[in-house]
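These notes are about the structure you will find just below.
Within every chain, numbering begins at 1; the chains are lettered A, B, ... in the order of the sequence lines, protein sequences first and strands thereafter.
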There are 2 protein chains.
Amino acid sequence: MKTQNIPKATIKRLAVYIQVLSGLKRDGVEVISSEKLARACSVNPSQIRKDLAYFGEFGVRGVGYYVHELISSIKHSLGVDRVWGCALVGVGNLGRALLRHKEFALRGFSIRAAFDCDPYKIGEIVSGLEVVCTRQLKGRVDEFGLEVGIITTPPERAQRAANYLVDGGIKGIVNFAQARIQVPKEVTVEYVDFTHHFYSVAFNISSAD
Amino acid sequence: MKTQNIPKATIKRLAVYIQVLSGLKRDGVEVISSEKLARACSVNPSQIRKDLAYFGEFGVRGVGYYVHELISSIKHSLGVDRVWGCALVGVGNLGRALLRHKEFALRGFSIRAAFDCDPYKIGEIVSGLEVVCTRQLKGRVDEFGLEVGIITTPPERAQRAANYLVDGGIKGIVNFAQARIQVPKEVTVEYVDFTHHFYSVAFNISSAD
DNA sequence: AAATGTATGTGAAAAAATGAACAATTAATG
DNA sequence: CATTAATTGTTCATTTTTTCACATACATTT
């Protein structure tokens with residue numbers, strides 16, 4: 001095990017491993033080798049072993065990895081073996097969809113508060129959660145245990161949403177808005193952009209001879 | 001300009017450039033240097049110039065890049081300067097959200113058909129589109145000009161959805177389902193997984209000292 | 001308990017991506 | 001029309017990431 005700075009690509013792959021391992025577990029598979037797991041994930045077997053080596057030794061030589069145990073180990077390594085409280089800012093179409101999306105809670109990301117600056121939306125109940133004025137955000141961070149911010153505003157309001165989150169002491173933001181945001185360097189921002197995937201597919205189709 | 005195989009990371013960044021450049025254009029900026037654009041995108045200026053160099057020479061030395069022109073050039077390079085017809089398979093919560101999401105059409109990805117295998121959903125109208133039995137997919141590919149598949153099924157049905165798309169002659173798939181799929185190598189698959197971004201944020205917060 | 005087969009963990013090599021540096025080119029200025 | 005200032009396109013060095021190869025370790029069999 002090494003305490004280097006871990007590549008972002010590794011984190012991304014670990015998420016894939018969890019996904020595939022969870023599927024294997026559903027199918028009753030108890031042990032798997034890096035080679036078979038690699039095939040299912042479309043990566044190189046060494047890659048998997050190396051990725052895991054950043055965090056510890058989880059396998060048994062000559063045997064492989066115990067599926068259930070490995071899932072737990074990876075989740076623990078990533079810090080997702082607990083529930084994270086999330087604050088959503090921007091109750092538009094996308095925001096509503098995320099509030100209703102059950103998958104997040106299942107994976108340990110519990111949306112506990114929804115904020116919007118539109119007076120017509122404030123007070124509305126979406127998926128059992130009351131929409132609150134964004135100005136109230138700071139005051140609810142501790143009360144609701146909000147740790148991660150989710151921005152689902154239109155692009156022009158993304159920066160303001162980010163400011164509210166940062167001001168509230170939030171240290172991690174997942175930004176679904178179509179805009180870059182500026183935050184202090186101690187705050188982590190992840191940009192979610194579906195269109196990039198579409199562009200990638202379009203490019204690949206286009207450039208196939 | 002070089003005709004090498006272009007890194008996936010470059011494609012991803014090009015999408016970011018388009019996003020930021022579009023914002024600049026909205027704000028009336030006509031010319032921008034790689035340095036300023038780089039700052040807005042949180043990347044290195046050389047990186048931008050290098051990424052663009054894969055596709056041509058779009059700048060003017062001593063001046064910079066003409067914003068509007070650069071957007072067009074990048075879009076053309078990616079093959080997204082036209083409309084792509086899309087088929088969505090799986091009309092659940094996420095599928096419905098995507099069908100209602102106007103952003104896709106704005107960016108050139110027009111969802112022209114929605115498929116599901118659930119008899120209760122077939123015939124339903126979602127966002128002006130009738131839900132059709134997935135078996136009908138192949139027959140509608142040509143008629144509707146379907147080129148890109150979007151999978152929004154539960155994980156256990158993702159592979160079947162992929163099979164229908166591949167069988168229909170679709171060459172590019174954007175997979176929102178929580179499962180890996182197997183397709184012939186001439187078919188491009190992009191996996192969309194929000195949770196990866198959440199994991200990344202959780203990991204960063206956790207490992208911050 | 002020795003031998004055998006298997007699959008991990010890791011160090012070294014190869015490949016790829018990034019960043020710095022600079023020559024080339026343009027516009028503006030005197 | 002030469003000079004200056006600015007900024008691109010591109011080469012080269014550096015860093016990072018990926019892949020290979022093998023010693024190490026475990027389980028099973030004889």
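Between B:Y65 and D:dA6 there is no side-chain N or O to OP1 or OP2 distance below 4.0 Å.
A:H101 pairs by the ring pair (Phe, Tyr, Trp, His ring centres under 6.0 Å) definition with A:F104, not counting sequence neighbours. Applying the salt bridge (charged side-chain N to carboxylate O under 4.0 Å, His left out) test to B:K8 and every residue at least two apart in sequence or in another chain returns B:E190. Scored by the ring pair (Phe, Tyr, Trp, His ring centres under 6.0 Å) test, A:Y65 finds no partners at all (sequence neighbours excluded). The side-chain contact (heavy atoms from CB on, under 4.5 Å) check on B:V183 picks up B:A162, B:V166, B:I173, B:I181, B:V187, B:V189, with sequence neighbours excluded. For B:V43, the side-chain contact (heavy atoms from CB on, under 4.5 Å) partners at least two apart in sequence or on another chain are B:R13, B:Y17, B:A38, B:C41, B:I48.
Between the CG atom of A:L70 and the C1' atom of C:dT8 there is a distance of 12 Å, rounded to whole Å. Rounding to whole angstrom units, OH of residue B:Y17 and P of D:dT8 are separated by 13 Å. Atom-to-atom, CZ of A:F58 to C1' of C:dT8 comes out at 13 Å; the value is rounded to the nearest Å. In this structure, A:L52 places its CG atom 15 Å from C1' of D:dT18, rounding to the nearest Å. Rounding to whole angstrom units, CD1 of residue A:I48 and P of D:dT19 are separated by 11 Å. When the C1' atom of D:dT24 is taken as reference, atom CD of A:E57 falls 10 Å away, rounded to whole Å.
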In B/S/- notation (B base, S sugar-phosphate only, - none; protein heavy atoms under 4.0 Å), nucleotides 18-28 of chain C written 5' to 3' is BBBB--BBBS-
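Within residues 28-41 of chain B, the residues having any heavy atom closer than 4.0 Å to DNA chain D are, in order of number, B:S33, B:S34.
For residues 160-188 of chain A, every residue pair satisfying the side chain to side chain donor-acceptor pair (under 3.5 Å) rule, not counting sequence neighbours, is listed here: A:Q159-A:N163, A:Q178-A:D193, A:Q178-B:Q19, A:Q178-B:R107, A:R180-B:Q19.
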Could you go through residues 71-90 of chain A and list every donor-acceptor pair under 3.5 Å that involves a side-chain atom there, pairing it with any protein atom two or more places apart or in another chain?
from, atom 1, to, atom 2, distance (Å)
A:S72, OG, A:H68, O, 3.2
A:S73, OG, A:E69, O, 2.9
A:H76, ND1, A:D81, OD2, 2.6
A:S77, OG, A:S73, O, 2.8
A:R82, NH1, A:E147, OE1, 3.4
A:R82, NH1, A:E147, OE2, 3.2
A:R82, NH2, A:E147, OE2, 3.0
A:W84, NE1, A:G79, O, 2.8

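Under 3.5 Å, the side chains of B:R100 and B:S127 contain no donor-acceptor pair of N or O atoms.
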